[in-house]
Amino acid sequence: MALVPYEESMSIGLQKLHKPLATFSFANHTIQIRQDWGRLGVAAVVWDAAIVLSTYLEMGAVELRGCSAVELGAGTGLVGIVAALLGAHVTITDRKVALEFLKSNVEANLPPHIQPKVVVKELTWGQNLDSFSPGEFDLILGADIIYLEDTFTDLLQTLGHLCSNNSVILLACRIRYERDNNFLTMLERQFTVSKVHYDPEKDVHIYKAQKRKQREDL
């Protein structure tokens, strides 16, 4: 898990990450996400990309009712929680160390009749893929998961395993460094990729990707 250095003198923009509770309104629900930077670092705070992707889902950009969705590197689980409130059957994943924290946020924010539609499950990219059926999900969601270059190959392998030819991937991210563009280039070798949304205030892009269709020989 990557750690982002933090100093007490840093900007107010990062101070919000240290608040123990972040409150949002999505899908006619008030969502209160517990944050714990001190214990889990980047995995336990709500990043802008998760807010933008949740807003995009709420806009109805994809049909979620009855959809089978998975959130990768979920952290606090905001995106998966919103997808579930909007009608999807959601598997919310992260590494083992973050699961207890993730599960507490999911249980605290989903009504009892929705909780059976949500599973919190361990997924370390490129490793325990045999616990997921190939092409299992209609929709793959990821918010701010493109930041650690060492994980790019494993992430691409994971996306390829979870996707069918009809699956849709939505990745929300900032383009901070050259490595971010490098990932998009790698993604385009396996998937058809397009930018479908940009939030100028938060400087967050959303990219849509689908497996490339195999051309039949003429």
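Hydrogens, waters and symmetry mates play no part in the numbers below; they use all other heavy atoms, side chains included.
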Should V52 and I169 be regarded as members of a common hydrophobic cluster, given that ILVMFWY residues are connected when their side-chain heavy atoms come within less than 4.5 Å of each other, either directly or indirectly?
no

First locate atom CG of L78, then atom CG of N105, and finally report the distance between them rounded to the nearest 0.5 Å.
9.0 Å

Counting C-beta onward and ignoring hydrogens, is there a side-chain heavy-atom pair between C163 and F191 closer than 4.5 Å?
yes

Min side-chain heavy-atom separation L123-L129 under 4.5 Å:
yes

Test your reading of the model: is there a side-chain donor-acceptor pair from D94 to the backbone of L99, 3.5 Å cut-off?
no

When you measure from the side chain of E63 to the backbone of R65, do you find a donor-acceptor pair of N or O atoms at a distance under 3.5 Å?
yes

R174 and its side chain to side chain donor-acceptor pair (under 3.5 Å) partner, picked from D48, D180, D144
D48

Co-membership, hydrophobic cluster, residues L155 and W47, 4.5 Å side-chain:
no

Donor-acceptor check, side chain of T158 to backbone of G126, threshold 3.5 angstrom: yes or no?
yes

Which atom of A27 lies closest to which atom of L85, heavy atoms considered
CB-CB, 3.8 Å

Go through it in stages, so that I can follow the logic: the residues are T124 and K96, the test is side chain to side chain contact (heavy atoms under 4.5 Å, CB included), and I'd like the CA-CA distance, side-chain angles, deciding distance and then a yes or no.
CA-CA 8 Å; T124 300; K96 186 176 182 179; over 6 Å; no

Heavy-atom side-chain contact between D199 and T55 under 4.5 Å:
no

Using a 3.5 Å distance criterion without hydrogens, assess whether the side chain of K121 forms a donor-acceptor pair with backbone atoms of S131.
yes

V196/Y56 under side chain to side chain contact (heavy atoms under 4.5 Å, CB included): CA gap, chis, key distance, verdict:
CA-CA 10 Å; V196 293; Y56 184 73; 3.3 Å; yes

Is I175 close to H205 at the side-chain level, that is, under 4.5 Å between some pair of heavy atoms?
yes

Locate the shortest heavy-atom distance separating I146 from C173; write the atom from each residue and the value.
CD1-SG, 4.2 Å

Any donor-acceptor N/O pair, R212 side chain to E188 backbone, under 3.5 Å
yes

Is there a side-chain contact between L72 and L159 (heavy atoms, below 4.5 Å)?
yes

Is Q127 close to D154 at the side-chain level, that is, under 4.5 Å between some pair of heavy atoms?
no

Assigning hydrophobic clusters by single linkage (Ile, Leu, Val, Met, Phe, Trp, Tyr; side-chain heavy-atom cutoff under 4.5 Å), is I206 placed with I140?
no

Okay, side chain of R179, backbone of Y147: is any donor-acceptor separation there less than 3.5 Å?
yes

Quick one: OG on S164 to CG on D138, what's the gap to the nearest 0.5 Å?
7.0 Å

Close side-chain approach of L141 and V90, heavy atoms under 4.5 Å:
no

Mind checking whether I33 and I114 sit in one hydrophobic cluster, side chains of I, L, V, M, F, W, Y counted as touching below 4.5 Å?
yes

If you apply the rule side chain to side chain contact (heavy atoms under 4.5 Å, CB included), what do you find for H29 with V82, and how did you get there?
CA-CA 9 Å; H29 286 76; V82 172; over 6 Å; no

Are the side chains of L171 and F183 in contact, using a 4.5 Å heavy-atom criterion?
yes

Taking atom CD1 of I81 and atom CG of L110, what is their separation to the nearest 0.5 Å?
5.5 Å

Atom pair NE2/CG of H89 and L64 - distance to nearest 0.5 Å:
11.0 Å

If you look at every heavy atom in I92 and A74, which pair is closest and at what distance?
CG2-CB, 3.3 Å

Indicate if F26 and L170 have the same hydrophobic cluster label, given that clusters are the connected sets of ILVMFWY residues with side-chain heavy-atom separations under 4.5 angstrom.
yes

Sub-3.5 Å donor-acceptor pair from the side chain of H161 to the main-chain atoms of F132, do we have one?
yes

Is the backbone of S167 close enough, under 3.5 Å, to the side chain of K211 for a donor and an acceptor to pair up by distance?
no

From F24 atom CZ to I51 atom CD1, the distance as rounded to the nearest 0.5 Å
4.0 Å

From CG (L162) to CD (Q157), nearest 0.5 Å
10.0 Å

Would you say the side-chain atoms of T93 pair up with the backbone N or O of E71, donor to acceptor, closer than 3.5 Å?
yes

Intermediate values then yes/no, side chain to side chain contact (heavy atoms under 4.5 Å, CB included), W125 and L156
CA-CA 9 Å; W125 303 337; L156 286 168; over 6 Å; no

Any donor-acceptor pair under 3.5 Å linking the side chain of Q115 with the backbone of E107?
yes

